[in-house]
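Report on the following structure.
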Amino acid sequence: MSDIIQLLPDHVANQIAAGEVVQRPASVVKELLENSIDARSSHIQLIVKDAGKTLIQVIDDGLGMSETDARMSFERHATSKIKSADDLFQVQSKGFRGEALASIAAIAHIELKTRTPDEELGTCINIEGSSVKSQEVIVSPKGTSLSVKNLFFNIPARRNFLKSNKVELRHVIDEFHRVALAHPEVSFSFHHNENELFSLPKSNQRQRVVHIFGAKTNEKLVPVKENTEVLKIDGYVGKPEFSRKTRSEQFFFVNRRFIKSPYLNHAVVSAFEGLLKDGYHPSYFLNLTVDPKTIDINIHPTKTEIKFEDEHTLYALLRSAVKHSLGQFNIAPILDFEKDSSLETPYHFKNRKALNPKIEVDRDFNPFVKSNTGSSNFVKGSFSQLDTGKTAWDALYHHLEVDLDNEKGTDKNFIQSFESKLENPGLFKDAHAQIEGISHQVDTKYIVKPMTSRILIVDQNRAHQRVLYEKFLKQLTIKTSVSQQLLFPLELHFSKPEMDIVNELQEDLESAGFLFQELQNEGLIISGVPSIISEQEVRSVFEQLISDVEHQVPEQNFSVLDLMAKSMASSIAIKKGQTLDPVEQIHLVDALFACKEPDFSPAGLKTFIIIESNDLEKKFK
Ligand code: ADP
Ligand code: MG
């Protein structure tokens, strides 16, 4: 057989390499910004159009390139940053693989303009899909301007794979944050579709964090400092009370390179032990400096993962440094006074006023006359069709026994009665006082209810999400939600991009029942909230909503209202671990089966399962 192996042409090899290096516009932004940093620039401008799909341009005032270098820079493995394999172990620059520009040039239209400080004229090169279209001498300012247009123009599959502009822009902003936070000594500006998103002057790290994440961030930062032979730590952690539902404020920089490290993250989180509420993440901005010889940056094409020689020591040092800072700034003791969440009033009793017990006398009661209406006053009104005791409960889920598909089994009055119960749970309590004990909570997660020939098991969190979701969606769609004025307006702080999201949603939030006194660049003042949300929950509702909008992949049928309803429902729904008394259990299960689609949570997960007595029989075999 003849030989069949051949070397791939360069442009093909470059396209393959691009698959690793360039996943989306944000990857290009990262590579270009890093090149500008490596070129010792002091001011860097980022200009983006349509989230980078149409244009990404980075203009710097750095070292620039000579005519030959300008041409060379697009060759694969062409780099000025290392010369030998030994250099790999003392990399000080961001780049060293020499493949970013070659990869980007393989999948986009590129215009490079560059001039070194000692030359009078600069060079302009145009490249499309790895082939040089033109090269000329031009008059240009010192430094480099690199424009990347029509990303993935020659790989339609990749282009179609890109997410909405909103999502892609979010990624671009994330990359921008990472570089800007690691280099506060450099000034940056960032424009998207002619709007200025950021203008960051030269500053120190603390100010940089504040410029990016908002003025209020300043008061939440606690400095962390440690200086040992193997590791220098320098940076900030957020006070525990400012911890967030998202991980969007967690940054490690190793030798000024942003990295992801679940292991080191664990070290920091464990230093916060006992100080964080469930589901909350601490903010941190930590610079670690280590001897470049002790790390390997070259294990991942985008260089965001690093191998450390001695991870365990770093872990211990980091954990103790953070712990020390939290202790020193007197953060730990404050929490001793924090209330125990298990002592908190159950969720739906929180906002209710104490009711005086009503004493009702049945004036018609005659002990000598046998009657089944007179004495049981709880079956009046909306409960009229329920019987007492065990049979009452079974009646509630009658439809499960009869026919799950049949318009909720029983009749409309039945459902209406549930709705009224939801609005008036007090009534409910009386009704069910007599049937307590016939449902159980397992693992503070499931509500288990035996019925005549089957067992119903409900996931409390998913069920509550479903209930709240339908309620919110209805209120949002028909704009009927009731607001409750706050006695003292509530101030919340967010970064500018986060506020952009809030601004976009303003109208919908208002129809959900939020009243805004003021929406500013870096925060908002809320004067009223939907009556279904308590004041304490407002912050987490906003955080969850922002993070959901940021990360939502807009599908065709994407609707903001739907997302809002989902997001608000998931942030305030009762969670696993929350103890529910029998009345609350039945209340929740009732509400679930009064829903339009009780079978699934808003995220499409099962809300309940049924175990038939046949299944039980099988278990006993
Ligand atoms: P790497 O950064 O790994 O060296 P790149 O493909 O990103 O590889 O860049 C190739 C070379 O082009 C760099 O080594 C550098 O010499 C030069 N270069 C790229 N961008 C700039 C810039 N903004 N200013 C000056 N030189 C640059
Ligand atoms: Mg580079």
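Numbering starts at 1 and runs along the sequence shown. The shown structure was predicted, so the numbers you read here are calculated from the model rather than taken from an experiment. Start at 1 and go down the list; that is how both ligands and their atoms are numbered.
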Is the shortest distance from a Lys or Arg side-chain nitrogen in [X] or [Y] to a carboxylate oxygen in the other one below 4.0 Å?
| X | Y | result |
| --- | --- | --- |
| Glu273 | Arg319 | yes |
| Lys220 | Glu249 | yes |
| Glu99 | Arg97 | yes |
| Arg256 | Glu185 | yes |

Handout entry: Option with minimal heavy-atom separation from atom 2 (O) of ligand 1, where the choices are His77, Lys81, Glu75
Key = Lys81
Handout entry: Per atom 15 (C) of ligand 1, closest listed option by heavy atom (Ser80, Ser93, Gly143)
Key = Ser80
Can you confirm, on distance only, whether ligand 1 has an N/O atom lying under 3.5 Å from any N/O atom belonging to [X]?
| X | result |
| --- | --- |
| Ala102 | no |
| Leu101 | yes |
| Glu31 | no |
| Met65 | no |
| Arg97 | yes |
| Ala100 | yes |

Exercise for the section: Give a yes/no answer: is there an N/O/S atom of Asn35 under 2.8 Å from the Mg ion (ligand 2)? Expected result: yes
Practice task
Go through the steps for Asp61 and Lys142 under the test salt bridge (charged side-chain N to carboxylate O under 4.0 Å, His left out), then give the verdict.
Solution key: CA-CA 6 Å; Asp61 58 356; Lys142 146 192 134 129; 5.6 Å; no
Around [atom], find the nearest protein heavy atom and jot down its residue, atom name and distance.
| atom | result |
| --- | --- |
| atom 22 (C) of ligand 1 | Thr144 OG1, 3.7 Å |
| atom 4 (O) of ligand 1 | Thr79 OG1, 2.5 Å |
| atom 3 (O) of ligand 1 | Gly98 N, 2.8 Å |
| atom 7 (O) of ligand 1 | Asn35 ND2, 2.8 Å |
| atom 12 (O) of ligand 1 | Ser73 CB, 3.3 Å |
| atom 10 (C) of ligand 1 | Ala78 O, 3.4 Å |

Fill in the blank from the handout: One finds that the ligand 1 atoms under 4.0 Å from a non-hydrogen atom of Gly95 are 2 (O), 3 (O)
Practice task
Output the list of atoms in ligand 1 that are nearer than 4.0 Å to some heavy atom of Phe96, sorted by atom number.
Solution key: 1 (P), 3 (O)
Handout entry: Ser103 OG to Glu31 CD distance, which is reported to the nearest 0.5 Å
Key = 8.0 Å
Exercise for the section: Please round to the nearest 0.5 Å and tell me the distance separating atom CZ of Arg208 and atom NE2 of His177. Expected result: 10.5 Å
Fill in the blank from the handout: Checking heavy atoms under 4.0 Å, the part of Asp60 that sits near ligand 1 is side chain
Exercise for the section: Scan Ile295, Thr289, Thr294 and name whichever one has a side-chain contact (heavy atoms from CB on, under 4.5 Å) with Asp291. Expected result: Thr294
Exercise for the section: Report yes or no: do Glu119 and Ser66 form a side-chain donor-acceptor pair below 3.5 Å? Expected result: no
Handout entry: With Phe213, the ring pair (Phe, Tyr, Trp, His ring centres under 6.0 Å) member among Phe198, Phe285, Tyr236, Phe494
Key = Phe285
Practice task
Without swapping roles, check the side chain of Asn160 against the backbone of Pro156 for a donor-acceptor pair under 3.5 Å.
Solution key: yes
Practice task
Using the six-membered ring of Phe242, assess whether NZ or CZ of Lys239 lies under 6.0 Å from its centre and within 45 degrees of the ring axis.
Solution key: no
Handout entry: ligand 1 contacted by Gly62 (non-hydrogen, < 4.0 Å)
Key = no
